[in-house]
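All values reported here derive from a predicted model rather than from experimental measurement. Just so it is clear, the values below take in all heavy atoms, side chains as well, and ignore hydrogens, waters and symmetry mates. Chain identifiers are assigned alphabetically (A, B, ...) following the order of the sequence lines, protein sequences preceding nucleic acid strands; residue numbering begins at 1 within each chain.
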Amino acid sequence: MQKQEFTITVYTENQVGLLNRIAIIFSRRKINIESLNTSPSEIDGVHRFTIVIDEFEELVRKLCRQIEKQVGVLKAYYNTNDEIVWQELALYKVPTDVIAEQVKVERLLSQHGAKAVVIRKDYTVFEVSGQRAETDALIKVLEPYGLIEFVRSARVAIIKESEGFHKKLTEFEYREPSEAVDENEYLDKNEEVFTM
Amino acid sequence: MQTLTINEKQAGEKKTTTISGSHAVMDALLKEGVKTIFGYPGGAIMPIYDALFDYPDQLQHILVRHEQGAIHAAQGFARASGKTGVVFATSGPGATNLVTGLADAMIDSTPVVCITGQVFAHLLGTDAFQETDVINITTPVTKWNHQVTDASEIPAALAKAFYIAGSGRPGPVVIDITKNAQLQMFEYEGYQKCDHIRSYRPKPEVRKQYVEEAAKLINEAERPFVIFGQGVILGGAEKEFKAFIEKAGLPAAWTIMGMSAIPTDHPLAVGMLGMHGNYGPNVLTNECDVLIAVGMRFDDRVTGRLDKYAKQAKVVHLDIDPSEIDKNVKTTVPVWGDCKETLPMLTALLEQKQHTAWFSKFGEFMDKEKEKCIDAELNPDTDIMTMGEVIKTLNELTDGDAIIVTDVGQHQMVACRYAKYKNSRSNITSGGLGTMGYALPAAIGAAFGDPSRTTVAIIGDGGFQMTIQELGTIMQYKPDVKLLILNNNFLGMVRQWQQLFHEKRYSFVDIQSPDFVQVAKGYGIPGRSISNRADLKDALKEFLSSKGTHLLEVMVGKENNVFPMVPQGRGVAEIVLSKEEI
């Protein structure tokens, strides 16, 4: 068996501290997380983590069981790249004058599917969504033309076989709806309280 | 006594009372049936202690001498009684002193709820006095933890805490409550116990198909072997387990944590597994055809080298925690679920059988072990006393009825090898974490957890000095704890390894001890020290029959070793009976 890229999809409650609980499952074993995305899912109150690691399948299976064991985690899945549709979003900041002066650059950008997000006098920001190789390729292309800044998002992935989480959730949720997040409401109140 | 009701009023349909967060904590404890709390006060938990002052008849608070003592006591309480242990500690150092106990409770699946004070919510992250990030420090060593910054969250948070700590595979929970939340008055709607969390599944659904497959394997087995852990005790499935092994005539060996689930002299009991376990169970693990693991997690101290562990056998694994299946040992049939449910299902499908020839093999190995190790340990032919003979004499006097709490090291292994048990929840020891200093506070907790039984703490000279301050707790609250110190004037287990694997380079293992009898006397605890065999029986009799706590120090051989032993990095079948074989 060989190490390969796995995408782990985790459905969780939206609770403070869960990110750490999940992250330490990897760091405890000295596994590097290649990419991590977390955001609300299609269901209100349920968050979705997408985690990419390079590991052996057997270990990934064990990691998923450890993740699922955490209170606050509804379900964890793992998939190979064949089993998912995935994308990353990349933003490129390029000097506007270069693009304006060199038609070639504009052509290159459109060849790579880049779309202008912001155009200012001094710089322009382009976005490209795609897989790692595609967004990497555009860096190489833009470098000679004074690429100022580049940023790439974590991977987001849809599992091809998945029917979404609505149906699954009914298995877990036979009594209660999602809980509201408890956050600290007192952080800006330091001058109103006398403490000892 | 002050009552909870400060101001009753009707808010819509729901009747609420205005109470402080701290009083909500007290009410939660009462509703959860808590009677005993182990703790230590401090600045950030003062409102909770102030509320506690109003409940002298309902809540007994044991003031320990160090927060580590509080959590080990709560662990001992939980292990002896089966109830959830409760701890109070303050913020900062109070909370960080709990960490060792949390890690211990986590790895040994002990239900404990710790309530820690925290600085005011608006001070979080400002490096306030006695502020530490308790939630993040304790995350890896808790089953669940949660910070409360508003009083209205307290009832639900504590209800979840008790539910999570005690259900499924139990474990420790920390609830960190900021001081403002403790002080804050809020509209209290009453306490509601928690019995469901959508993102927490205490036990997996039992799959009948796997139970059937497991039964088939066991029925077809010629050399079946059962190994069991604390899951049997935690599930309260002692009866079900006995019925299971008795129906199919299955020889059964325990892990250190499973010990006392069945009486040590049960006809099908074949002894202890693991590094210092019995000869037969270790060797025959690699000769059985079906290995049935019940509520155990294949710790490395049990399995030795995994690539030489039970490779010939089909493995049936019963566990409540799905993440344990295939974690260390590949399972042929996983039977997930609470063994209280799965064992009867499985037993119903088993054929009545006896495996006489196979079972007698364990006897043959036991004979060899007796000849090579046990006889010399229990009936030494030198003047120097052994730990084993102390335990043997103790067995004669307690008749296996006592709760035995051990610390960590040689005396722990010897006690677990030779102690006799008749009742479940009788062996309390730090199995997974190996926490020296565990025994003294855990024994205090055990004595409060089950005062109907005699609690004997067996402790080495090293471990005793790690939490010796808890003698103060005994002095103050007078739990009936018998303290048996087995003193070999060495950190014995490390010394044994240095002798066997480090060319006898005894690096910092010659620990000096104070006069323990004098120390105990300072705390008002009577004691005695003996070094002659002739005194052993009488001293132990006096020790056990004395009213209240008593300390007995027995001076034992300095360089005695614990055998048999599966040396680290070897397979279970490569267990050795003496140092010459290493």
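Residue A:Ile158 places its CD1 atom among 12 or fewer non-hydrogen atoms of other residues, nucleotides or ligands, all under 6.0 Å distant. Atom CD of A:Glu163 is surrounded by 12 or fewer heavy atoms from other residues, nucleotides or ligands within 6.0 Å. B:Asp127 CG: 12 or fewer foreign heavy atoms inside a 6.0 Å radius. Heavy-atom neighbours of B:Phe162 CZ from other residues, nucleotides or ligands within 6.0 Å: above the threshold of 12. The local environment of CD in A:Gln4 is crowded, with over 12 non-hydrogen atoms from other residues, nucleotides or ligands closer than 6.0 Å.
Heavy-atom distances place the side chain of B:Asn180, and not its backbone, under 4.5 Å from chain A. B:Thr126 does not touch chain A: none of its heavy atoms, backbone or side chain, sits under 4.5 Å away. For B:Leu124, the parts lying under 4.5 angstrom from a heavy atom of chain A are both the backbone and the side chain. In this structure, no portion of A:Arg28 lies under 4.5 Å from any heavy atom of chain B. Of the atoms belonging to B:Asn136, heavy atoms from both backbone and side chain fall under 4.5 Å from chain A. Of the two parts of A:Leu187, the backbone and the side chain both hold a non-hydrogen atom closer than 4.5 Å to a non-hydrogen atom of chain B.
For the atom pair A:Asn184 CG and B:Thr178 OG1, the distance stands at 7.0 Å (nearest 0.5 Å). Note: A:Lys75 NZ to B:Arg201 CZ = 6.0 Å, rounded to the nearest 0.5 Å. Between the OG atom of B:Ser323 and the CG atom of A:Leu63 there is a distance of 11.0 Å, given to the nearest 0.5 Å.
Between chain B and the residues A:Glu68, A:Gln70, A:Arg21, A:Arg65, the largest count of heavy-atom pairs under 4.5 Å involves A:Arg21.
Of the candidates A:Leu74, A:Val71, A:Val73, A:Val71 is the only one forming a side-chain contact (heavy atoms from CB on, under 4.5 Å) with B:Tyr200.
Using a cutoff of 4.0 Å between basic side-chain nitrogens and carboxylate oxygens, B:Asp326 and A:Lys62 are not scored as salt-bridged. Comment: A:Glu13 engages B:Arg198 in a salt bridge, judged by a side-chain N to carboxylate O separation of less than 4.0 angstrom.
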Given the rule in the side chain to side chain contact (heavy atoms under 4.5 Å, CB included) test, do A:Lys69 and B:Arg169 qualify, once you have shown the distances and angles that lead to the verdict?
CA-CA 10 Å; A:Lys69 184 164 139 177; B:Arg169 179 178 179 174; 3.9 Å; yes
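Here the closest heavy-atom approach between residue B:Asp150 and residue A:Tyr186 is recorded as OD2-OH, 2.6 Å.
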